[in-house]
Every structure is written in structure tokens, then in C-alpha cells.
S.K.: 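The structure follows.
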Amino acid sequence: MQTIRGFRDILPKHIPLWQKVEKEATCLFEAFGFKEIRIPILEKTELFARSIGEVTDIVEKEMYTFPDRKGDKLTLRPEATASIVRSYIQHKMYATDPVRKFFMIGPMFRRERPQKGRYRQFYQIDAEIFGVESAYIDSQLIYLLNELFKRLGLSGLSAHINSLGCPKCRPSFQKALLDFLESKKSRLCDNCTRRMDKNPLRILDCKVLDCKEAIADAPATLDCLCKECEDHFNTVKATLEKQGVDFIVDKSLVRGLDYYTRTAWEIQTTTLGAQSAVAGGGRYDGLVKELGGPQTPAIGFAIGFDRLVEVMEQIDKAPEEKPLDLFIVSLGDTAMEKGYLWSCKLNQAGIRTEMDFRGKSMKALMKRANKLNTQYVLIAGENELTENTIILRNMNTKEQVSLSLETLIPELIKILKK
Ligand code: AMP
């Protein structure tokens with residue numbers, strides 16, 4: 001049996017880097033006032049269709065959607081924002097305090113064409129802020145991402161930022177875009193031609209090379225911003241400059257989801273080939289209302305956890321595995337039982353202890369102790385047990401001490417906890 005295409009195991013040798021990222025991210029989120037939220041993996045399909053947009057790649061082509069036994073249409077979450085917004089509304093969080101900051105880490109599912117850096121089950125680290133309209137919050141999220149990547153020792157990343165405008169400036173942009181697209185219609189792929197009426201903004205996100213070339217000079221949202229959106233974007237840029245965060249204004253950045261308004265960004269790397277986006281985010285000031293809540297400004301980002309680890313693996317070896325504290329060499333049945341009982345007590349005291357239950361010879365057990373890279377070996381044979389003394393050998397210095405059976409565990413804890 002094999003994993004499904006696009007799904008993969010993350011094996012123990014890769015886990016230390018994942019844990020390093022989780023630890024740094026959680027620590028930073030807490031310092032910035034975020035609270036962890038855990039949301040279901042399965043939601044009603046309608047939630048994603050309405051928030052991400054019916055006419056988007058994710059909803060049209062990539063979602064894992066199926067009817068459950070009663071015929072309800074369900075979808076494995078392709079992203080976290082929609083569910084977090086649902087939760088914010090469902091639990092009326094706005095009523096007690098509209099300002100909320102959440103983070104979550106977990107798997108997402110999209111049926112994309114698998115390749116390096118693109119999986120059908122992938123992981124995201126997600127952060128969302130509700131109830132703050134100020135542009136400082138946009139800068140703060142980009143600053144936070146920058147800080148996290150710095151702490152993880154990453155370089156060569158660049159923040160691409162853009163403004164997608166708001167419902168006030170969208171109509172004039174859409175008109176300019178439609179006029180432009182009309183003149184290029186013959187060069188667009190079938191998908192884009194179909195999307196012209198329904199969702200022309202998505203054409204700017206098309207990956208087909210011919211389309212990309214045809215729309216190279218398309219009007220940009222940035223050139224059609226209303227005064228408020230322009231001021232907002234200027235504050236974001238000025239603040240990032242003051243905070244020393246490098247960024248590139250990228251007029252062509254539109255992101256693949258419909259709910260974005262105003263600031264949108266992507267953190268890109270040059271080291272992952274085609275899959276260059278390590279994180280993406282933006283404002284979605286209309287989504288809470290759209291999904292049935294009160295008008296609430298909101299903003300968030302998602303880091304591609306798998307890609308982030310892949311970038312780290314290029315520069316950073318996984319943190320070295322900690323050596324074992326103690327290996328118990330148990331020779332004979334009585335020693336096996338005693339060794340087992342001691343090992344549990346030591347494990348309980350936080351001392352990494354292993355033994356071998358196969359009844360192997362002294363030589364074989366010492367070989368195993370070396371393989372496990374242990375600091376100490378405790379040698380328990382029948383003789384030692386009858387004489388009431390046990391030998392503890394320091395594998396680095398080769399020094400040996402005799403310990404009394406009666407006080408063995410507290411003595412070991414004292415020595416090994418040093
Ligand atoms: P999005 O939700 O599309 O804005 O994606 C946010 C981030 O998630 C991207 O910048 C990628 O790093 C990551 N990501 C999105 N789709 C995939 C995928 N299929 N496989 C791995 N990472 C992904």
C-alpha cells in the first residue's frame with residue numbers, strides 16, 4: 001500500500017525542523033497577542049464556495065468535495081481563513097470584543113498537480129486579525145512574518161506587496177480591465193474567456209504562458225485606487241520602511257482568492273524553483289459581513305509550512321538529535337525485570353533511558369548502546385544484583401562508578417540530571 005498521490009508522510013528525521021518552526025512561530029504569535037484556535041478539517045462546501053469565490057481555481061478545480069451519507073456536501077478545508085471567519089461569527093465573538101487575533105497550524109487539502117513544493121495535503125501556519133482597520137496592522141503582519149523568517153535564519157526572501165482596492169474603487173478598475181481584456185480576447189485560454197464575464201480579476205492570476213504574455217500590460221488595481229485605499233497603502237509602505245522591512249511593490253500580485261481587499265502580499269523565495277511563494281496574505285474587510293456577521297475589517301496570512309521547511313533544509317541541517325541519557329544493559333531475567341522497572345521510573349523523571357528486551361549478549365548490548373549514542377550505560381547482570389551494586393559507565397570518559405541498589409534511582413537522577 002502506498003500513500004495517495006500528492007499526500008506524503010513526514011518522517012521522524014524531518015520532524016525536528018517542523019518542531020523548530022512551530023516553537024518559534026508560537027512564541028512570536030504569543031508575544032504579538034495571538035491566541036491559538038483549532039478548527040475542523042471538514043466544513044460545508046458552501047463556506048469555501050462563498051468565501052474563496054465560485055469562480056476560482058480552488059473552488060472550481062481543487063477542492064476535495066463529497067456528499068456525506070445524508071447527502072450534505074462537505075469539503076476538506078483548502079485554507080483556514082474561511083473557517084476562522086465562520087467560527088468568529090458562529091460564536092458571536094464580535095459581541096464581546098470585536099478585536100481578535102488568532103493563529104492555527106494544520107493541514108489543508110487541494111487537488112493540485114503534485115510537484116516539489118506542491119502537495120495535495122500540505123500544512124499552513126495561519127494568522128488572522130479581526131476588528132482593526134488601521135494600516136499599521138497590515139504592516140505589523142508583514143513585519144511579524146519578516147521577524148519569524150529572520151529568527152529561523154532565512155535570507156533571500158522578498159516581500160511583494162500590492163493593493164487590490166475596495167468596493168469603492170473596484171468598479172472603475174473592473175471597467176478598465178474588461179476594456180483591456182476585450183482587446184486581447186483572441187489570445188486568452190478557454191478558461192480565461194469563460195471567466196471574463198464572471199470574474200475577470202482571476203484572469204490576472206492565470207498560469208498559462210500565452211495568457212500571461214497577453215495580459216502583461218493589463219491595468220493594475222494600484223493605478224485605480226480611491227483616496228482612502230491610496231492613503232492606506234502609503235501608510236503600510238511608510239511604516240514598513242521605518243521598521244526596516246524590505247519590500248517590492250508588485251502591481252501584478254492579485255492572489256488566487258476572491259475575498260481580498262486593499263493590502264495583499266506574498267513572501268517569495270528564489271530557492272524553490274517554480275513554487276516561489278512561501279507565504280501569502282491580505283486584507284479581507286468584506287468577508288465577515290459576506291458570511292453573515294457584522295461589518296468587520298479583517299486581515300491575515302498563511303505560511304506554506306512544507307515549503308518553509310524545504311527552504312530551511314537547503315541552508316540548515318535539522319537540529320542535532322539529543323544523545324540518549326542512559327542505556328540499561330540487562331543480563332538475565334531478573335535483571336530484565338528490574339531494568340524495565342528502573343527505566344520507567346527514569347523516563348518518568350525526564351531521563352531518556354532505553355533498554356533491549358531481546359535477551360542479547362553483553363557484547364551485542366554494548367554495541368546497541370553505542371549505536372544509540374548514549375551518555376551512560378548501566379550494567380545489570382545477575383552478579384551485580386546479588387552483590388547489591390550496579391556499575392554505571394560514562395561512555396565518554398570511560399569512568400565507572402558503583403551504585404548501591406537501595407539508592408539507585410535517586411543516585412542516577414542526581415548524576416544524569418547534571
Ligand atoms: P494561499 O492559501 O493559496 O494563499 O497559500 C498560502 C501559502 O500556502 C502559499 O504561499 C504556499 O506557500 C502554501 N501552499 C499553497 N498551496 C500549496 C500546496 N498545494 N502545497 C504546498 N504549499 C502550498
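Whatever order the structure lists ligands and atoms in, that order sets their numbers, starting from 1. Computed from a predicted structure; not experimentally measured.
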S.K.: Looking only at heavy atoms, is any part of Arg118 under 4.0 Å from ligand 1, and if so is it the side chain, the backbone, or both, or is it neither?
M.R.: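 Both of them.
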S.K.: Is any NZ, NE, NH1 or NH2 atom of the basic residue among Arg195 and Glu60 found under 4.0 Å from an Asp or Glu carboxylate oxygen of the other?
M.R.: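 So Arg195 pairs with Glu60 through a salt bridge.
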S.K.: Ignoring hydrogens and geometry beyond distance, is a side-chain donor-acceptor pair present between Glu128 and Tyr284 at under 3.5 Å?
M.R.: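 Glu128 vs Tyr284: donor-acceptor pair found between side chains.
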S.K.: Under a 3.5 Å cutoff, is there a donor and acceptor pairing between the side chains of Glu62 and Tyr64?
M.R.: no
S.K.: Return yes if a side-chain donor-acceptor contact under 3.5 Å exists between Thr65 and Thr75, otherwise no.
M.R.: yes
S.K.: Which of the listed options, Tyr119, Phe122, Phe109, Phe301, holds the heavy atom that is closest to atom 17 (C) of ligand 1?
M.R.: Phe122
S.K.: Asn394 side chain to Lys398 main-chain N or O, any donor-acceptor pair under 3.5 Å?
M.R.: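 No; zero donor-acceptor contacts below 3.5 Å.
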S.K.: Closer than 4.0 Å to some heavy atom of Glu112 - which atoms of ligand 1 meet that?
M.R.: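 Answer, ordered by atom number: 16 (N), 17 (C), 18 (C), 19 (N).
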S.K.: Heavy atoms only, cut-off 4.0 Å: how does Arg120 contact ligand 1, side chain, backbone, both, or neither?
M.R.: neither
S.K.: Will you find, in the side chains of Gln268 and Ser158, an N or O donor that is under 3.5 Å from an N or O acceptor?
M.R.: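 No - no donor-acceptor pair under 3.5 Å links their side chains.
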S.K.: What part of Glu266, side chain from CB on, backbone N/CA/C/O, both or neither, has a heavy atom under 4.0 Å from ligand 1?
M.R.: neither
S.K.: Around atom 13 (C) of ligand 1, find the nearest protein heavy atom and jot down its residue, atom name and distance.
M.R.: Gly304 CA, 3.5 Å
S.K.: Polar contacts were defined as any N/O atom of the residue lying under 3.5 Å from an N/O atom of the ligand; does this apply to Arg110 and ligand 1?
M.R.: yes
S.K.: Are any of the N/O atoms on Asp306, whether in the backbone or the side chain, positioned under 3.5 angstrom from an N/O atom of ligand 1?
M.R.: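 N/O-N/O distance under 3.5 Å: no.
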S.K.: For ligand 1, note which part of Ile58 has a heavy atom under 4.0 Å away: side chain, backbone, both or neither.
M.R.: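 It is neither part, as no heavy atom is under 4.0 Å.
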S.K.: Distance to 0.1 Å, residue and atom name: give those for the protein heavy atom nearest to atom 6 (C) of ligand 1.
M.R.: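 Checked against all protein heavy atoms, atom 6 (C) of ligand 1 sits closest to Gln124 NE2, 3.3 Å.
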S.K.: Show the atoms of ligand 1 that are less than 4.0 angstrom away from any heavy atom in Gly117.
M.R.: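 Those of ligand 1 that fall under 4.0 Å from Gly117 are 20 (N), 21 (C), 22 (N).
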S.K.: Only heavy atoms of Ala277, strictly under 4.0 Å: list the atoms of ligand 1 that pass.
M.R.: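 By the 4.0 Å cutoff, the relevant atoms are 9 (C), 10 (O), 11 (C), 12 (O).
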S.K.: Over 60° means perpendicular and under 30° means parallel, so tell me whether Tyr123 and Phe305 are parallel, tilted or perpendicular.
M.R.: perpendicular
S.K.: Among Asp258, Leu291, Leu287, find the residue that satisfies the side chain to side chain contact (heavy atoms under 4.5 Å, CB included) test when tested with Arg50.
M.R.: Leu291
S.K.: Please determine if Tyr260 has a nitrogen or oxygen closer than 3.5 Å to a nitrogen or oxygen of ligand 1.
M.R.: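 Among all N and O atoms of Tyr260, none is under 3.5 Å from an N or O of ligand 1.
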S.K.: For a side-chain contact (heavy atoms from CB on, under 4.5 Å) check, start with the C-alpha distance between Trp265 and Leu145, then their side-chain angles and the critical distance, and finish with the verdict.
M.R.: CA-CA 11 Å; Trp265 68 89; Leu145 274 170; 3.3 Å; yes
S.K.: What protein heavy atom sits nearest atom 4 (O) of ligand 1, and how far away is it?
M.R.: Arg255 NH2, 2.5 Å
